Visitor: 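Take this structure, written in structure tokens, and hold onto it; I'll ask about it next.
Order of listing sets the numbers, starting from 1, for every ligand and every atom in it. Because the structure is a prediction, the values reported are computed rather than measured.
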Amino acid sequence: MSWAWVWWREPRALAEAPVESLRKVLELERAKGYADAAVFGGLDAFLRRLTKGDRSPAGACLRTALQALPGRGYAGLTPSERRRWVEGLLAAAADGPGPAGAPRVATASPPRRRSPGPPPAVAGLNLDSSVEVLKGASRATAGRLARLGVRTVRDVLYHFPHRYSDFAHIRPISQIVVGEEQTVLATVWTAAEATLGRRLKGTEAVVGDDTGTLRVIWWGQRYIARQLRPGTRLALSGRVTVFRGRLQMENPEYEALTSEDLIHTARLVPVYPLTEGLYPRVVRRLAKEVLEAFADRVPDTVPVSSQERLKLWPLPRALRQMHYPDSLNAAEGARRSLALRELLTIQVGVLRRRQAWQASGRAHALALPPAALEGFVGALPFALTGAQQRAMAQIAADIARKVPMSRLLEGDVGSGKTVVATAALLAAAASDCQGAIMAPTEILAEQHYRTVRRLLDPRADDQEPEGPWFQVLGSGFLAVQPSYLDQPIRVALLTGSLAAKDKAAAQEAIGRGEVDIAIGTHALIQEEVSFPRLGLVVVDEQHRFGVVQRAALRAKGGCPHVLVMTATPIPRTLALTVYGDLDISLIDEMPPGRKQVKTIRALPDDRDEAYGFLREQVLQGRQTYIICPLVEESEAIAAKAAVQEYERLAREVFPDLRLGLVHGRLPAAEREVQMRAFRDGRLDILVSTAVVEVGIDVANATVMLVEGADRFGLSQLHQFRGRVGRGEHQSYCILLSENQSEEVQERLSLMESIYDGFRLAEEDLRLRGPGEYFGTRQTGLPDLKVARLSDVDLLEQARAEAARLLEDDPALARPEHLALAGQVSHLWGSLTAEVS
Ligand code: ADP
Ligand code: MG
């Protein structure tokens, strides 16, 4: 019973009279066979009287010893427990006090900060050494760290806490505050394994300082009892609670007050991302070890001049303060310094890519004579929005130069991107160059084929023969003669499913320069096609189109201008990072008079009513979509679920209607058949997995029913919603979700109130984070370790500095820039394969 030992030996306690009287009582208790008969009223009452009002250290110590008794006191012990308790106290007393036996009580000095002096040299180790070389990392620990992507010493250094526990408030026990995080510096009086609560074992300890004592428990962690030798001086950090009217600390962080720096307590303590089996203490010790040995040896790749301009802290200081900050301000300063370094590297990378693209060759200068532009705009059946005009002007200015354009045209579904792109294609044709549009699916290519033709010459509509237009135009060729141009514009469609002879004809015509605008899928970039005078490439729906294909298309015809269109609203920070090599034109205004798609949330109970509504719409001649819940496990499972849902709907719910089905496992050709049937009005209801997301423009479709709406992101739901409301009829989006939790319903309710894709994207990003929002791999977004996507300000600073560096030294060839150049190519090395 070590706690008793401590109590007897506490020198100040022994000087006091109550100790002697307790000894006598205990001896009497032994004599009476531990029957709690030594004093009238029981030992517990006696003990309370003994300590009551005693504010002396001895009284405090005695209370400490008593607190080590279980909740019901001495009376609550079994006879054998009573014997052990009494004998323990008496045996300790028999040892007697003595200078040798007295625990050394360190004076309560504030914990020491990092010791100055050079870091210990670690022979043969470097930043790329495996974590296993570290003292603090066993093989098992290394395995757990690997699950977090932490494999090398450098990784440990850059494995940052995501927050800090604020244990910086050090208080005497008498002044601790219930409910707050704080630290006490105290001596262990007793520590033992104990049964806490019903059956749960743990460690129970009593610690004390000059002002009082405190019960401390650790649930489930019995081993701690063995580590806490009585007399040890500890720092304990955690929250203080009240238990049976007494203060106690539960599961505090603790560490011995030795000469080493404190890393678990009495300061801002880092809270690291963990994984199963990896304990906070282990990671903190590792971080400390690595900081000591390596922080001063990490090469800083950011040139000194940039560091000065950006007011960066020296790297070692930033790293140290990021892990073990002196204050929250210091932590923020460290984060700023590290985030700027990170963003600078990324921005130098994206700007260099852009530089390389621009330097890769000379593009054709494309211009549309003002009269032709006027004619084109005048012939449109609508007036352009201000945003469309701005985007057109930006593009026109770019393509008029011989520096190849690299621009992202970003606009919500239905914002009218196609007409903007068509104006640019027209400029190419008017400049005796070829233009191309690449779409992710055949059906979208066909749609563009028709749209572009109509936009160039709205009269084309009247001339269109009867029957499904794709068959009529299926030969892959047409020429329009707009009234405002002298020359005809020859448009070709090139997709995989064209008849072989039509395909060959289109390819040859393109190769002979007889096609002004080629529209197609990836068939456009196949070997056989060559463009003698490729001036402009438009890539639609970028995120479904491999960037590799984009590069291949560029490679087809020298060095065309490139315009990438996307309906995915990308918040600015993400855009500057992911598409940082592109200039951005934003269409942030919808054409006037659009009817809002009425959006309604529904619960499973409402399903029949929703089906009834769909049926009503179909009876009125409209068409509808039903989106199956998102299945993430695999496309095969998703497809199977979709087939089942389709069969159920076709058999039980809508046996009299014409249903179609598309999912990711259907061969592309089969999918296209279904989509075409829907487009041409031969299907009433299209059941689909998320593949319908990008795409098709069916003016007659008025209802979008989304099953399992809670599984989708807001941006994705917004994309679904954009599939309806494209014609004159009032349209509806019904969001069905089984999940009725407040959180989910609140998120979905945003769809009812927000119709702006960008605002929804921001909400999405805020609620789900960028990984969910937009697969990192898919976009080539480097993992941000420190910077956040909300750091717009830091991002702009980094971008400006990157531009400045590159202007100064475009090849980053100067000695002071070599390290940065190396880091940039290291960072982008893995990504450039995916993002050209
Ligand atoms: P998205 O940006 O989704 O590709 P589209 O280019 O397909 O949008 O345009 C959607 C619809 O809006 C088309 O039917 C198009 O003719 C029409 N449209 C485009 N611009 C305008 C405008 N300024 N005023 C009215 N309708 C427009
Ligand atoms: Mg479009």
Visitor: If you define the side chain from C-beta out and look only at heavy atoms, does anything of L455 sit under 4.5 Å from L380?
Guide: yes

Visitor: Do R390 and L586 have side chains that get closer than 4.5 Å, going by heavy atoms?
Guide: no

Visitor: Please indicate whether any nitrogen or oxygen in V419 is less than 3.5 Å from any nitrogen or oxygen in ligand 1.
Guide: no

Visitor: Under the side chain to side chain contact (heavy atoms under 4.5 Å, CB included) test against P560, which residue among I399, V538, V537 passes?
Guide: V537

Visitor: Only heavy atoms of D412, strictly under 4.0 Å: list the atoms of ligand 1 that pass.
Guide: 2 (O)

Visitor: My understanding is that we take every heavy atom of each candidate and find the minimum distance to atom 7 (O) of ligand 1. Doing that for T418, V413, T385, which one comes out nearest?
Guide: T418

Visitor: Would you mind listing which atoms of ligand 1 come within a distance below 4.0 Å of any non-hydrogen atom of A383?
Guide: 22 (C), 23 (N), 24 (N)

Visitor: Which of the atoms of ligand 1 are close to R726, meaning less than 4.0 Å from one of its heavy atoms?
Guide: 3 (O), 7 (O)

Visitor: Any heavy atom of G411 closer to ligand 1 than 4.0 angstrom?
Guide: no

Visitor: Please assess Q617 against T624 for the test side chain to side chain donor-acceptor pair (under 3.5 Å), listing each intermediate value before the final yes or no.
Guide: CA-CA 8 Å; Q617 290 280 311; T624 67; over 6 Å; no

Visitor: So that I know where these two stand, are Y625 and F678 an aromatic pair - ring centroids less than 6.0 Å apart?
Guide: yes

Visitor: Quick check: F382 and ligand 1, any N/O pair under 3.5 Å apart?
Guide: no

Visitor: Strictly under 4.0 Å, does any heavy atom of S415 approach an atom of ligand 1?
Guide: yes

Visitor: Kindly assign one of parallel, tilted or perpendicular to the pair F613 and Y732, based on the angle between their ring planes and the thresholds 30° and 60°.
Guide: perpendicular

